[in-house]
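These notes are about the structure you will find just below.
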Amino acid sequence: MSRKIFRRRRAFASALSIVLAGFSVGDIAAQTIDQSGLENVIVQTAMQEPVVNDESITADAYLQVEPVEESVSTPLAEPVPSYPSYASAVPCNCAANKDKEAAAMAAFKKAYGGVFYGNNFSYLNDPHFKGPTFFSDNFKNLDTPFGTMSFGGESRYRYHNERNHRGVGVTGNDDNFWLTRQRLYADWKLCDAVRLYGEVLDADSYGENFNPRPIEVNELDIQNLFADVKLFDNDFGKFTLRVGRQELLYGAQRTVSPLDWANTRRTFEGVRGLYQNGDTSLDMFWTEFVAVDPDDADEADSAQDFYGIYATQKNTGLGDLETYYLGYDDTRAGFSLHTIGSRVSGATKNKILYDFEGAYQFGEDVTAEDHSAGFFTAGLGRKVETNFLSPTVWFYYDYASGEEDFADAARGDGGYDHLFPLAHKYNGFMDLFGRKNLHDFNIFSLTPLNEKVSMIVWYHYFRLVEDTTPYSVVMTPYENPNAGGTQALSKDLGHEIDILFNINLNARNNILLGYSHFAAGDYYDPATIGPADEDNDADFFYAQFQTQY
């Protein structure tokens with residue numbers, strides 16, 4: 001498709017998104033909205049989902065993790081009356097109605113998911129929902145002769161100031177630039193059994209001195225385009241077949257994520273089977289990875305097959321339990337990896353939060369040896385109640401195995417491959433290291449400062465597992481032995497401190513202000529590894545505004 005056509009589509013999408021966003025912000029600005037009941041929203045780095053300040057909160061909520069079954073349970077909702085049926089709210093002060101009003105408000109706060117095809121605006125048709133309202137609500141749950149339709153999207157603008165790490169890792173390069181992203185979607189439920197969903201994304205970068213990263217630019221392109229067919233829905237559960245281009249998000253996103261922090265988002269093309277029965281869900285999929293082409297239409301890569309099974313059982317004796325098998329074949333690079341893993345998360349009766357996940361990876365890699373690798377994450381947390389501030393504090397340890405032989409260091413070597421994760425969420429906001437050949441000792445603190453402002457402070461200490469090389473977030477070795485790279489003389493990578501403020505203007509508009517500093521370890525001391533000026537520390541400041549409509 002020609003660049004000129006793409007630019008026309010981009011202009012149209014940007015104009016429409018600005019109009020919708022403007023109405024949304026303006027409509028809210030004209031109202032006096034009681035925010036006292038709203039949860040603090042920790043937009044952080046990924047999904048912009050609400051976080052409940054509740055003593056019984058689990059690890060998932062504090063880390064903005066979307067349950068895997070959300071995408072299973074929401075796609076084929078029952079047809080609902082057209083907007084705005086909530087205008088006739090039930091005028092009753094009885095306890096039962098108060099509970100229903102609270103449930104409607106909770107549904108309002110959770111309307112937007114980590115994937116937009118999981119959005120749920122059914123609260124608009126709840127007579128117990130009393131607002132606030134947004135102009136964009138007029139485009140949700142539209143009852144037509146041909147089914148129910150919803151339209152919406154998101155606009156995001158972010159400023160970066162990067163010192164000594166423009167590119168991949170500690171590079172010695174400084175840069176200042178802007179990133180913009182527009183998303184528009186249309187959701188059409190033809191009937192209870194058939195649904196069509198489409199979403200486009202446009203991402204751009206402005207003012208940079210160096211070339212944009214591959215995850216920063218993508219001219220207007222199709223992000224999601226699929227059809228759902230519900231094959232059965234009875235006492236044995238519900239099963240839906242999904243075919244087409246679709247984003248994938250599972251569990252804590254340590255292995256599979258749409259990568260929302262990136263200006264572009266990750267997507268796949270293929271078929272899925274979605275089963276749910278109460279607290280049990282099962283997601284089976286076979287897809288091809290869709291590579292980003294900044295200037296032309298994105299296409300599925302037949303050389304990269306990604307497939308697997310992801311199962312979730314909520315409310316077990318151990319908490320929420322997830323188990324999975326993930327297969328990834330890259331015939332171009334020459335490896336085939338199979339990952340079997342599990343995760344358990346929840347809270348004890350003593351209000352101790354926990355999050356444990358691990359996986360074993362086997363198969364064929366690019367070395368002469370059979371692939372054998374793995375990762376493990378252990379986290380314990382607690383909400384600390386004080387008269388001044390009440391932070392939730394987590395202690396985490398992350399381990400991912402590495403390649404022992406420096407001469408074999410490459411994508412697809414004997415170390416653990418983290419597949420398609422949201423690495424930014426766990427191994428430092430500066431994205432210096434991927435989950436491979438890595439020890440990460442970290443402490444995380446989330447502190448609500450008031451009803452609208454929350455603060456995250458996250459400290460990391462990074463070390464190599466093997467004295468070979470660290471890897472980037474795209475699994476490439478920092479020191480490539482085939483390009484004259486130098487083997488590590490020290491396993492001490494360094495320390496990172498991340499500070500993030502989220503200003504929750506209202507339920508649909510957020511501002512992020514973040515600063516991160518990296519203090520380089522002894523690994524960077526040799527002149528063959530660190531930047532030429534021997535200044536190995538790095539800094540990152542960013543400011544972001546996002547509106548959803």
Side-chain angles (χ1 to χ4, degrees), residues 42-48 154-182 202-218 259-265 292 294 422-434 442 444-447 449 453-460 462 470 472-474 478 493-505 509-521 524 530-547:
I42 308 304
V43 179
Q44 206 230 88
T45 59
M47 293 183 288
Q48 285 88 8
E154 169 193 274
S155 295
R156 194 174 80 175
Y157 309 91
R158 191 164 73 219
Y159 168 74
H160 281 222
N161 182 307
E162 301 180 4
R163 186 189 74 84
N164 216 8
H165 76 109
R166 179 56 159 151
V168 178
V170 177
T171 60
N173 296 327
D174 304 342
D175 212 347
N176 298 277
F177 56 96
W178 288 88
L179 298 175
T180 64
R181 188 176 79 184
Q182 315 293 334
D202 181 84
D204 214 341
S205 176
Y206 301 94
E208 64 274 355
N209 295 316
F210 297 91
N211 290 332
R213 298 180 178 96
I215 62 171
E216 292 174 344
V217 176
N218 193 15
L259 190 58
D260 186 66
W261 170 256
N263 210 34
T264 61
R265 283 172 63 98
V292 171
L422 181 56
H424 179 88
K425 189 174 181 179
Y426 297 108
N427 297 132
F429 292 173
M430 297 179 75
D431 294 318
L432 297 176
F433 308 109
N442 58 95
F444 163 85
S445 174
L446 163 64
T447 307
L449 301 180
V453 181
S454 295
M455 177 180 68
I456 283 177
V457 179
W458 208 328
Y459 163 78
H460 298 263
F462 302 109
S472 72
V473 291
V474 292
Y478 277 179
L493 292 175
H495 308 258
E496 179 174 329
I497 183 73
D498 302 312
I499 302 173
L500 175 68
F501 292 92
N502 173 75
I503 304 170
N504 187 28
L505 301 177
N509 298 277
N510 282 89
I511 292 176
L512 285 182
L513 298 174
Y515 170 75
S516 298
H517 175 75
F518 177 69
Y524 288 94
D533 61 3
E534 297 184 358
D535 181 6
N536 300 324
D537 292 357
D539 296 281
F540 178 31
F541 170 78
Y542 54 98
Q544 174 180 294
F545 171 74
Q546 174 183 278
T547 181

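- With R213 contributing its side chain and G167 its backbone, the two residues share a donor-acceptor pair below 3.5 Å.
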Could you check F177 against L179 for side-chain contact (heavy atoms from CB on, under 4.5 Å), going step by step and ending with a plain yes or no?
CA-CA 7 Å; F177 56 96; L179 298 175; 3.9 Å; yes

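- Using bins of under 30°, 30° to 60° and over 60° for the plane-to-plane angle, the ring pair Y542/H160 lands in the tilted bin.
- Contacts of D174 classified as salt bridge (charged side-chain N to carboxylate O under 4.0 Å, His left out), with partners at least two apart in sequence or in another chain: none.
- The distance from the NE2 atom of H424 to the CE atom of M430 is 11.0 Å, given to the nearest 0.5 Å.
- Ionic pairing of R181 and D260 is present here: one or more N-O contacts between side-chain nitrogen and carboxylate oxygen are shorter than 4.0 angstrom.
- Between atom CG of residue N510 and atom CG of residue L505 there is a gap of 6.5 Å, rounded to the nearest 0.5 Å.
- For the side-chain hydrogen bond (donor to acceptor under 3.5 Å, both in side chains) test with N442, the passing option among Y459, W458, Y426 is W458; the others fail.
- In this structure, a donor-acceptor pair under 3.5 Å is present between the side chains of T547 and N509.
- Listed for the T447 side chain is no donor-acceptor partner under 3.5 Å among the backbone atoms of L449.
- Atom CZ of F501 is separated from atom CG of L513 by 8.0 Å, given to the nearest 0.5 angstrom.
- Checking F540, F541, F210 one by one against H165, the ring-ring contact (aromatic ring centres under 6.0 Å, His included) holds for a single residue, F540.
- In terms of heavy atoms, A203 sits closest to T264 at CB-CG2, 4.1 Å.
- Residues R156 and Q546 have side chains that never bring a donor and an acceptor to within less than 3.5 angstrom of each other.
- Q182 and Y157 get closest at one heavy-atom pair: NE2-OH, 3.3 Å.
- Nearest heavy-atom pair across P294 and V217 is CB-O, 3.8 Å.
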One pair to check against side-chain contact (heavy atoms from CB on, under 4.5 Å): V473 and F433. What are the steps and the verdict?
CA-CA 6 Å; V473 291; F433 308 109; over 6 Å; no

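- Atom CD1 in I456 sits 8.0 Å away from atom CG in N502 (nearest 0.5 Å).
- Minimum heavy-atom separation, V168 to S472: CG1-CB, 3.3 Å.
- Because its NZ or CZ atom is not both nearer than 6.0 Å to the ring centre of F518 and within 45° of the ring axis, R163 does not count as a cation-pi partner of that residue.
- Atom OG1 of T180 and atom CG of D202 lie 6.5 Å apart (nearest 0.5 Å).
- Between the side chains of Y515 and D498, no donor-acceptor pair is found at a separation under 3.5 Å.
- Every residue two or more places apart in sequence or in another chain that forms a side-chain hydrogen bond (donor to acceptor under 3.5 Å, both in side chains) with N176 is listed here: Y159, N161.
- Rounded to the nearest 0.5 Å, atoms CG (N164) and CG (D175) are 12.5 Å apart.
- Between D537 and A520 the shortest heavy-atom distance is OD1-N, 2.9 Å.
- There is no side-chain donor-acceptor pair under 3.5 Å between S205 and E216.
- Across all non-hydrogen atoms, the minimal contact from F429 to S516 is CB-OG, 3.9 Å.
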